[in-house]
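What you see below is based on every heavy atom in this structure, not just the backbone, and it leaves out hydrogens, waters and symmetry mates. All residue numbers in this chain count up from 1 along the given sequence.
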Amino acid sequence: MRIENFTLTLFGAILVLSGSLRAHDRLLVFTDDTGVAEKGGFGFDQTMAFGFSKDSGQFYDWCTSSTLEYGITNQLTAALVVDFAGFHQRNVKGLEDDEDADWAAVASEWKYLVLDQESSGFNFAPNLGFAYGKDDVYDLYLTLLFDKDFTERWTGLFNFTSGVNWDDSGDTLEKVLYFEAATGVSYKLNEYWAIGLETTVAWDYRDFESHQATAWHLGPAIHYDNLEYFFVTLSVMPQIWGEPNTISGRNLDMESSTRLRVGLIIGLIF
């Protein structure tokens, strides 16, 4: 059975069998929160991320992630994540013309709520994940999640991720050590709408030693929750700084990143 058919069958069965399914509210796209599923409860969300434009030609890439969560306890949530990804490149400097679309990876994640705002003044939850990708690519990562409601309207979030990626698809094993920091704030306009601002900075180190790239993105987010059936969050983040500098006078990394990142999350409520 193809993995996409298995995924659709699994998610469909759980939607039918579970009497209650609620994804935890995501106020931002690229900055996660500490929300966990209730014990015995399920959560599902669909995330779509797009990258647009390099320093020449036509380029875009995309990744869609289907995340199914299950509350083992009121503090521990396990998740199954299935990624599909693709890209299109034409007349891009240093790259051959090519395009592709296929499943990308399957991941298992475990999030544990260590501290909550009621007792500690803020929420803290580490999220440990392991992913297996197509062509023998492996990824082990840990994300430290923090968030805090400063008032009934203002919420702040911060993530720090460290991970190791192994690529055994070629003649030699390639190893990349990477870090990513993400932070943002969200302001609740009313019970349905919220607006926010978020930023991400990513660092890559090939073979755990040589610095490969850094990219910094910053942009606005908008969130809508109809409180009954679904919520939607959209974030648009242009790159504001990067290295190596591949565009003279602009200080932008066009080798490992893109000029623009766009993210969309749709969460389902049943």
Legend entry - Stepwise side chain to side chain contact (heavy atoms under 4.5 Å, CB included) test for L27 and T155: CA-CA 9 Å; L27 296 172; T155 300; 4.0 Å; yes
Legend entry - Stepwise side chain to side chain contact (heavy atoms under 4.5 Å, CB included) test for D97 and N91: CA-CA 6 Å; D97 290 355; N91 302 317; 4.0 Å; yes
Inset, instruction - Apply side-chain hydrogen bond (donor to acceptor under 3.5 Å, both in side chains) to the pair T77 and E69, showing each step before the final yes or no. - result: CA-CA 6 Å; T77 291; E69 300 178 332; 5.7 Å; no
Inset, instruction - Before giving the answer on ring pair (Phe, Tyr, Trp, His ring centres under 6.0 Å), spell out for Y132 and Y138 the whole-Å C-alpha distance, their side-chain angles and the decisive distance to 0.1 Å. - result: CA-CA 5 Å; Y132 170 74; Y138 305 88; 5.4 Å; yes
Legend entry - Derivation and outcome, side chain to side chain contact (heavy atoms under 4.5 Å, CB included), residues Q46 and S65: CA-CA 6 Å; Q46 185 74 43; S65 300; 5.7 Å; no
Inset, instruction - In sequence, state the C-alpha distance, the side-chain angles, and the governing distance for L264 and T47, and then conclude on side chain to side chain contact (heavy atoms under 4.5 Å, CB included). - result: CA-CA 6 Å; L264 177 69; T47 304; over 6 Å; no
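Under the 3.5 Å distance criterion, the side-chain polar atoms of Q239 are matched with a main-chain donor or acceptor of T258. Side chain of D116 to backbone of S119: a donor-acceptor contact under 3.5 angstrom is found. In terms of modelled atom types and a separation under 3.5 Å, the side chain of N74 and the main chain of E38 share no donor-acceptor contact. Here the side chain of S120 pairs no donor or acceptor atom with the backbone of F122 at under 3.5 angstrom.
Between G35 and K111, the shortest heavy-atom distance links the atoms O-NZ, 3.0 Å. Across all non-hydrogen atoms, the minimal contact from R259 to S53 is CD-OG, 2.9 Å. Between T161 and T143, the shortest heavy-atom contact is OG1-OG1, 2.8 Å. Between R26 and H223 the shortest heavy-atom distance is O-ND1, 3.1 Å. Considering all non-hydrogen atoms of both residues, V92 and S56 come closest at CG2-O, 3.6 Å. Residue Y141 comes nearest to L128 through the heavy atom pair O-CD1, 3.4 Å, listed as atom of the first residue, atom of the second, then distance.
Between the side chains of W62 and T64, no donor-acceptor pair of N or O atoms lies under 3.5 Å. Using modelled atom types and a 3.5 Å distance limit, the side chains of E198 and T31 yield a donor-acceptor pair. Side-chain N/O atoms of Y60 and Q89 include no donor and acceptor closer than 3.5 Å. For the residue pair R261 and T200, a side-chain donor N or O sits within less than 3.5 Å of a side-chain acceptor on the partner. In this model, a donor atom of one side chain and an acceptor atom of the other lie less than 3.5 Å apart for N123 and D147.
For the atom pair CZ (F231) and CD1 (I266), the distance works out to 9.5 Å, reported to the nearest 0.5 Å. A distance of 9.5 Å separates CZ in F50 from SG in C63, rounded to the nearest 0.5 Å. The CD atom of Q58 lies 8.0 Å from the CZ atom of R90; values are rounded to the nearest 0.5 Å. With rounding to the nearest 0.5 angstrom, the CG atom of D225 is 10.0 Å from the CD atom of E228. Note that the CZ atom of F230 and the CD1 atom of I265 stand 14.5 Å from one another [nearest 0.5 Å]. With rounding to the nearest 0.5 angstrom, the CH2 atom of W241 is 5.5 Å from the OG1 atom of T214.
Side-chain contact between V106 and L80: present, with at least one pair of heavy atoms (C-beta onward) separated by less than 4.5 Å. Q75 places none of its side-chain heavy atoms less than 4.5 Å from the side chain of K39. Side-chain contact between F87 and L95 is absent, with no heavy-atom pair separated by less than 4.5 Å. Within the 4.5 Å cutoff, the side chain of M237 has no heavy atoms near those of the L218 side chain. Within the 4.5 Å cutoff, the side chain of L177 has no heavy atoms near those of the W203 side chain. Side-chain contact between S162 and F179 is present, with heavy atoms from C-beta onward closer than 4.5 Å. Within the 4.5 Å cutoff, side-chain heavy atoms of H217 are placed close to those of S257.
Aromatic pair F59/F52: ring centres not closer than 6.0 Å.
If you run side chain to side chain contact (heavy atoms under 4.5 Å, CB included) between V29 and each of V236, V262, T233, only T233 comes through.
Residues F124 and F150 share a single hydrophobic cluster, defined by chaining ILVMFWY side chains whose heavy atoms lie under 4.5 Å apart. A continuous path of Ile, Leu, Val, Met, Phe, Trp and Tyr side chains, each step under 4.5 Å between heavy atoms, connects V201 with F158, placing both in one hydrophobic cluster. Linking Ile, Leu, Val, Met, Phe, Trp and Tyr whenever their side-chain heavy atoms come within less than 4.5 Å puts L76 and L68 in one cluster. W154 and I222 fall within a single hydrophobic cluster, where Ile, Leu, Val, Met, Phe, Trp and Tyr side chains are chained together by heavy-atom contacts under 4.5 Å. By the rule that hydrophobic residues join a cluster once side-chain heavy atoms approach within less than 4.5 Å of another member, Y70 and Y112 end up as members of one cluster.
Under a cut-off of 6.0 angstrom, the local environment of CD in Q117 is crowded, with over 12 non-hydrogen atoms contributed by other residues, nucleotides or ligands.
A salt bridge links K134 and D100; the closest N-O separation between the charged side-chain nitrogens and carboxylate oxygens is under 4.0 Å.
Legend: residues meeting side-chain hydrogen bond (donor to acceptor under 3.5 Å, both in side chains) with T199, ordered by chain and number and at least two apart, are W216. Judged as a salt bridge (charged side-chain N to carboxylate O under 4.0 Å, His left out), and not counting sequence neighbours, the contacts of R206 are E174.
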Distance-only donor-acceptor pairs under 3.5 Å for side chains of residues 181-197, two or more places apart:
| from | atom 1 | to | atom 2 | distance (Å) |
| --- | --- | --- | --- | --- |
| T183 | OG1 | L157 | O | 2.8 |
| N190 | OD1 | Y192 | N | 2.8 |
| N190 | OD1 | W193 | N | 2.8 |

